[in-house]
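Right, one structure below, let's go through it.
Each chain gets a letter, A, B and so on, in the order its sequence line appears, and its residues count up from 1. No hydrogens, no waters, no symmetry mates; every other heavy atom, side chains included, goes into these values.
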There are 2 protein chains.
Amino acid sequence: MAEQETTALTTEEKIKEAATKIFIEKGFSATRTRDIAMEAGINLALLNYYFRSKEKLFEVVMTESLQLFLVGLEEILNDVNTVLKDKIAGIAIHYVDLLKKYPDLPLFILSEVKANPSWLEANSNVREMLTQSNFYKQLEATTQKKVEPLHFLMNLLGVLVFPFVASPVLTGTEAADKAEFNQLMEERKYWIPIWMEAMLKTLSA
Amino acid sequence: MAEQETTALTTEEKIKEAATKIFIEKGFSATRTRDIAMEAGINLALLNYYFRSKEKLFEVVMTESLQLFLVGLEEILNDVNTVLKDKIAGIAIHYVDLLKKYPDLPLFILSEVKANPSWLEANSNVREMLTQSNFYKQLEATTQKKVEPLHFLMNLLGVLVFPFVASPVLTGTEAADKAEFNQLMEERKYWIPIWMEAMLKTLSA
DNA sequence: CCTCAGGTTAATCAAATGATTAACTGAAAT
DNA sequence: ATTTCAGTTAATCATTTGATTAACCTGAGG
């Protein structure tokens with residue numbers, strides 16, 4: 001997650017990279033510290049030497065994963081120079097690009113936050129960041145008390161994130177399927193703002 | 001998942017109920033057979049007596065979970081007497097009711113299918129069932145080759161299922177939050193068909 | 001050269017965990 | 001009354017797994 005120049009990762013970094021990969025792929029409970037050590041090409045004891053415990057190492061990975069998922073979002077949400085549709089477009093582009101790169105990130109975060117909800121309170125309160133944002137105020141202005149703006153936030157996250165969460169169910173396992181899937185996701189950068197606007201327009205009818 | 005009349009569950013049923021509860025709540029890797037035995041109020045050895053192994057027991061739970069998630073869907077999708085919007089309304093009502101009852105079901109299925117994709121091929125091929133359905137043909141007719149109909153399938157599932165998957169992140173942990181959340185989900189039975197239609201209309205513009 | 005501290009390793013520990021064993025119970029069958 | 005057998009239990013096993021230990025490099029500083 002925090003790449004070095006090209007090669008030559010420090011041992012501590014190699015462990016963190018390996019842990020990030022495997023934790024995100026399999027979740028906390030299903031990963032063995034030995035798997036991480038093997039992936040990192042280091043002796044198992046080194047993992048504990050650098051990170052004290054599996055939990056501590058996971059904490060590092062989880063914190064960085066949450067940051068990775070949330071970084072860049074706040075500025076889009078609170079840009080006073082963009083209207084609602086522009087923000088939606090910005091979010092769509094940002095997240096399609098991010099999730100094409102890290103498709104397992106959402107399911108990982110959702111699973112681990114469910115298993116241990118304190119992750120959210122500890123690292124950054126997503127709920128407040130969303131509901132206090134300029135984006136949310138614009139949403140409230142648009143919906144004009146006719147419908148909970150939260151509905152549209154769920155809709156946006158649903159159309160944006162859910163395909164990645166559900167891709168193991170919706171797409172095949174072959175490489176061609178993956179390419180086709182990414183193509184679809186790319187198309188969604190264009191369509192999601194249009195769809196969201198159409199949904200919001202159902203209020204003025 | 002398969003309730004007896006009122007009380008008096010057979011030992012085998014008690015184990016299966018307990019296993020279903022805990023597996024769905026925590027996933028395969030994070031659940032201990034001892035937890036299941038304790039939840040069922042039985043001796044640990046009985047679990048292996050009746051189900052041979054943790055894996056075999058999980059297989060039973062997973063198969064029933066997939067059935068629970070898919071039962072009733074096929075008839076809605078292939079009802080020749082309903083137009084697209086009616087089917088969407090039927091799906092929305094069906095899944096809001098189901099997921100209010102079993103809110104952890106989607107994240108469980110998505111996680112375990114990702115960990116072991118063969119579950120889908122083994123039990124019932126969801127992808128074929130969807131893409132071969134009358135619903136999908138109606139979707140194709142409506143989109144008229146302008147956009148992949150798969151987009152709208154993802155949109156529907158996204159707005160319908162994602163809120164439940166993300167509820168640990170989006171809602172608080174208190175009981176009041178849960179009631180409020182369920183109220184929102186209830187409202188979505190009404191709105192989702194309207195929103196989906198609005199999204200589909202973006203093609204004719 | 002010697003030292004010494006950080007880095008690394010093989011070996012091992014202790015607890016957790018899935019599974020099995022052997023004995024016991026009670027009720028139905030003979 | 002005895003046998004039999006599914007159901008149940010406490011105890012134990014064997015493996016996995018997170019963590020520690022003690023030894024051993026290695027290279028910078030004296």
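Closest approach to the B/Ala45 side chain among D/dT21, D/dA19, D/dT9 is made by D/dT9 (side chain taken as heavy atoms from C-beta onward). Distance from the side chain of A/Tyr50 is smallest for C/dG7 among the nucleotides D/dG7, D/dG18, C/dG7. Which of D/dT20, C/dT8, C/dG18 sits closest to the side chain of B/Arg32 comes down to C/dG18. Of the candidates D/dT9, C/dA10, C/dA19, the closest approach to any side-chain atom of B/Asn43 belongs to D/dT9. In the set D/dA19, D/dT9, C/dG7, the nucleotide with an atom closest to the side chain of A/Tyr49 is C/dG7.
We find that CE of B/Met38 is positioned 13 Å from C1' of C/dT17, with the value rounded to whole Å. Atom CD of A/Glu59 is separated from atom C1' of D/dG18 by 17 Å (rounded to the nearest Å). Taking atom CG on A/Leu44 and atom P on D/dG18, their separation rounds to 8 Å, with Å as the unit. Between the CG atom of A/Leu46 and the P atom of C/dA10 there is a distance of 10 Å, rounded to whole Å. The interatomic distance linking B/Lys54 (NZ) with C/dG18 (P) rounds to 5 Å, in whole Å. Atom NZ in B/Lys56 sits about 16 Å away from atom P in C/dG18, given to the nearest Å. Going from atom CD1 of A/Ile36 over to atom C1' of D/dG18 covers 11 Å, rounded to whole Å. C/dG7 atom C1' lies 17 Å from atom CG of A/Leu9, rounded to whole Å.
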Working for ring-ring contact (aromatic ring centres under 6.0 Å, His included), residues A/Trp195 and A/Tyr190: CA-CA 9 Å; A/Trp195 292 329; A/Tyr190 168 78; 8.9 Å; no
Criterion side-chain contact (heavy atoms from CB on, under 4.5 Å) on B/Leu200 and B/Leu139, from CA distance to verdict: CA-CA 9 Å; B/Leu200 285 164; B/Leu139 206 49; 4.1 Å; yes
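B/Ser29 comes within 4.0 angstrom of no nucleic acid atom, judged by non-hydrogen atoms across all strands. Looking at heavy-atom distances under 4.0 Å, A/Glu55 makes contact with sugar-phosphate atoms alone, never a base.
Under 4.0 angstrom from either OP1 or OP2 of C/dG18 there lies at least one side-chain N or O belonging to B/Thr33. The shortest distance between the side-chain N/O atoms of A/Thr11 and the OP1/OP2 oxygens of C/dG7 is not below 4.0 Å.
Classified by interplanar angle (parallel below 30°, tilted 30° to 60°, perpendicular above 60°), the ring pair A/Phe58/A/Phe23 is perpendicular.
For A/Glu25 and B/Lys114, the salt-bridge test fails: no basic side-chain N is under 4.0 Å from an acidic carboxylate O.
A/Lys54 forms a cation-pi arrangement with A/Phe28, by the criterion of a distance under 6.0 Å to the ring centre and an angle within 45° of the ring axis.
Side-chain N/O atoms of B/Arg34 and base N/O atoms of C/dG18 include a donor-acceptor pair closer than 3.5 Å.
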